[in-house]
There are 2 protein chains.
Amino acid sequence: MTVTLADVAARARVSPATVSRVLNGNYPVAASTRERVLRAVDELDYVLNGPASSLAAATSDLVGILVNDIADPFFGIMAGAAQTEIGGQEGTGRAGGEKLAVVCNTGGSPERELTYLTLLQRQRAAAVVLTGGAIEDPAHIAAMSSKLTKLADAGTQVVLCGRPPLPGSDAIVASLAFDNRGGGRRLTEHLIALGHRRIGYVAGPVERTTTRHRLEGHRAALVGGGLAGEGDTAEQERLTVHGSYDRRSGYDATLELLRREPSLTAVVAANDTVALGACAALRDRGLRIPEDISVAGFDDLPFSIDVVPSLTTVRLPLFEAGARAGRLAMGNETPPPGGIATIPAELMVRGSTAPPRA
Amino acid sequence: MTVTLADVAARARVSPATVSRVLNGNYPVAASTRERVLRAVDELDYVLNGPASSLAAATSDLVGILVNDIADPFFGIMAGAAQTEIGGQEGTGRAGGEKLAVVCNTGGSPERELTYLTLLQRQRAAAVVLTGGAIEDPAHIAAMSSKLTKLADAGTQVVLCGRPPLPGSDAIVASLAFDNRGGGRRLTEHLIALGHRRIGYVAGPVERTTTRHRLEGHRAALVGGGLAGEGDTAEQERLTVHGSYDRRSGYDATLELLRREPSLTAVVAANDTVALGACAALRDRGLRIPEDISVAGFDDLPFSIDVVPSLTTVRLPLFEAGARAGRLAMGNETPPPGGIATIPAELMVRGSTAPPRA
DNA sequence: CTGTTAGCGCCTTCAC
DNA sequence: GTGAAGGCGCTAACAG
């Protein structure tokens, strides 16, 4: 019924081993033989049996890319770039030694993250790329650290992209972390320089590295600008509302901030999507941006330049980072010293921020 | 080195066959035995060897979801929904009989689409979901049809989501097609009803079903409204510019339309992202939306309600469609009659369209 | 450069 | 309800 290597070998009048060698291309084979084999492959319409191949070779061509939210371009851009580096190059037409780069959507759930890693471990994945912020729950960190170490020990290349290094797992190829703290700090410094003094912050979900780092940067700027004392947490908490990384959360949190402090002159959002929600809430309250109140985001997603007014934000080189992670996973780039690289974040000043009303 | 089924069997003092039966749960096993086996699995930290398992059973737990552009929420929403239905349910903690739902990014390239299908075929994927518009090149249609038939024959469930049925492959489980034609038609009828007479159209890439159907709907409305004769193609072509489904294309195409016809009173875009680019171009030309010119999109992506003015568009139930495709792929939903369902598109009138200036 | 020989780790009839 | 044995299709040493 289904065509096997042996069938191809018989038709090409060679041994199965030779067919295997031709297909994998890692071995010298006479041109004429190769020719004959490839013809037989085409004639019989042979497709390699992946599982059998992986079993015998003890490796597979599967590469997993984990994302927190596949509907969020933040992840889509990184994943797409990584996938291009991993699976896009060859194109023999017959699907030769290509990797199968696939993205897995955890939905931000720690359980699903671990489940996906187990599934990939089960498939003996060649590499795994973890994108986006990590969850900071100690139990989950321990579980992840242990799981990733096992994966690495089994020969899977593990790369972190947009995620800080995981304590305890040094078997990881590399960790590319965004400078969320620095970006957050420069963003709020920009607002302070404009003259803002009452700045609300719409934070992401608690227990995520991304959330914490951006917030830390924000507060460092506050302290640096003399707007808050080192230990002045009560007031800082009052002007911070946590939510998820979506529009709705930005909308609701902004209304809450306004309730807590009606004289706010600026709102900083955890990311651009949240900023969009914040803008909508402010408009619904009859406030003009930036005349009455300034708004800023983070990430510089493609739409940020198109909204009106265009969004002041912090640009993260998502595509470049994803591509680099892909190359690292494939061993096509030497890891940074210590396996850790910090990727700079650039402040983009646009129309949504302006000096506060006098 | 690596723990195998036999190791677990030895520790649990049973035969490998019994362990296999416990793990797959498709066979009666005494509760006490099962208990013992599961304990041994945990103690040894055993992870099933996927390739070996797939080889022996001649099936795998891999499910592929193909998308044209992973950075586009249009696909992200559908893929995320499908993935939830496919891989999200169980959660035994030990990763039991779960499917590995993965998304593959073709980048809109026909070659990569076929390559991914071959790769999934090679893995003996349990199911494949193809999302989004198809390419209409005859050679590619033939290749796809042949490939999908082979996949289906090999036992892979094939589902189309947001893609019209493929002629020649009836082995496909189901095809969920969006009513792009109807949606496009209603959208343009809305503009005509408002009084618009000179309407530009920013189309998607040629040779894509989505592009063609939406454009056909648009032109049907034009003809129905008496704005164009049946065969009046020259004028229709003049007011149509093709591009890709991204913001940049919307920007450029809109400038081109304005060049061809400065007295345009409305621009219809192939999708919301393109509409965003169109808006930017119009603003850069000093035109106000909707006072000077109306703009409409398609898809109703989440951001569409947040842009200013909010975008008139056509809502597609992306999440529901993706979820349904996922269930169909898993055999958890009975296919529609004939394997074909048309999913309705709903006109959403918002702030970006208004009557033309008098 | 090419053929031969063993498994890779698991599932699945068949017996018991 | 459980064990024993064969084979899934391929690759990786070895020879030659």
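Atom set for the values below is all heavy atoms of this structure, side chains included, hydrogens, waters and symmetry mates excluded. Numbered from 1 within each chain, the chains take letters A, B, ... in sequence-line order.
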- Item | Heavy-atom closest pair, residues A:Pro336 and A:Leu328 | CD-CD2, 4.5 Å
- If only side-chain N and O atoms of B:Thr18 are considered, is one of them under 4.0 Å from the OP1 or OP2 phosphate oxygen of D:dG3? yes
- Smallest heavy-atom separation, A:Phe319 atom then A:Ile77 atom, equals N-CG2, 3.7 Å
- To the nearest angstrom, the CG-P distance between B:Leu55 and D:dC8 comes to 9 Å
- Reckon B:Leu5 touches a base, only the sugar-phosphate, or nothing at all at heavy-atom distances under 4.0 Å? sugar-phosphate
- Task: Starting from P on D:dA12, measure out to CG on A:Asn26 and report it in whole angstrom.
- Result: 8 Å
- Does the side chain of B:Ser20 get closer than 4.0 angstrom to OP1 or OP2 of C:dC11 through an N or O atom? yes
- Query: Taking atom CD of A:Glu320 as the centre, does the number of heavy atoms from other residues, nucleotides or ligands within less than 6.0 Å exceed 12?
  - Reply: yes
- Query: Taking only side-chain nitrogens and oxygens of A:Thr4, does any of them come within less than 4.0 Å of OP1 or OP2 of D:dG9?
  - Reply: no
- So which one's nearest nucleotide on DNA chain C is more toward 5', B:Ala52 or A:Pro16? A:Pro16
- Between A:His140 and A:Glu111, does any side-chain donor sit less than 3.5 Å from a side-chain acceptor? no
- Query: So, is B:Ser15 close to the D:dG3 phosphate, meaning a side-chain N or O under 4.0 Å from OP1 or OP2?
  - Reply: yes
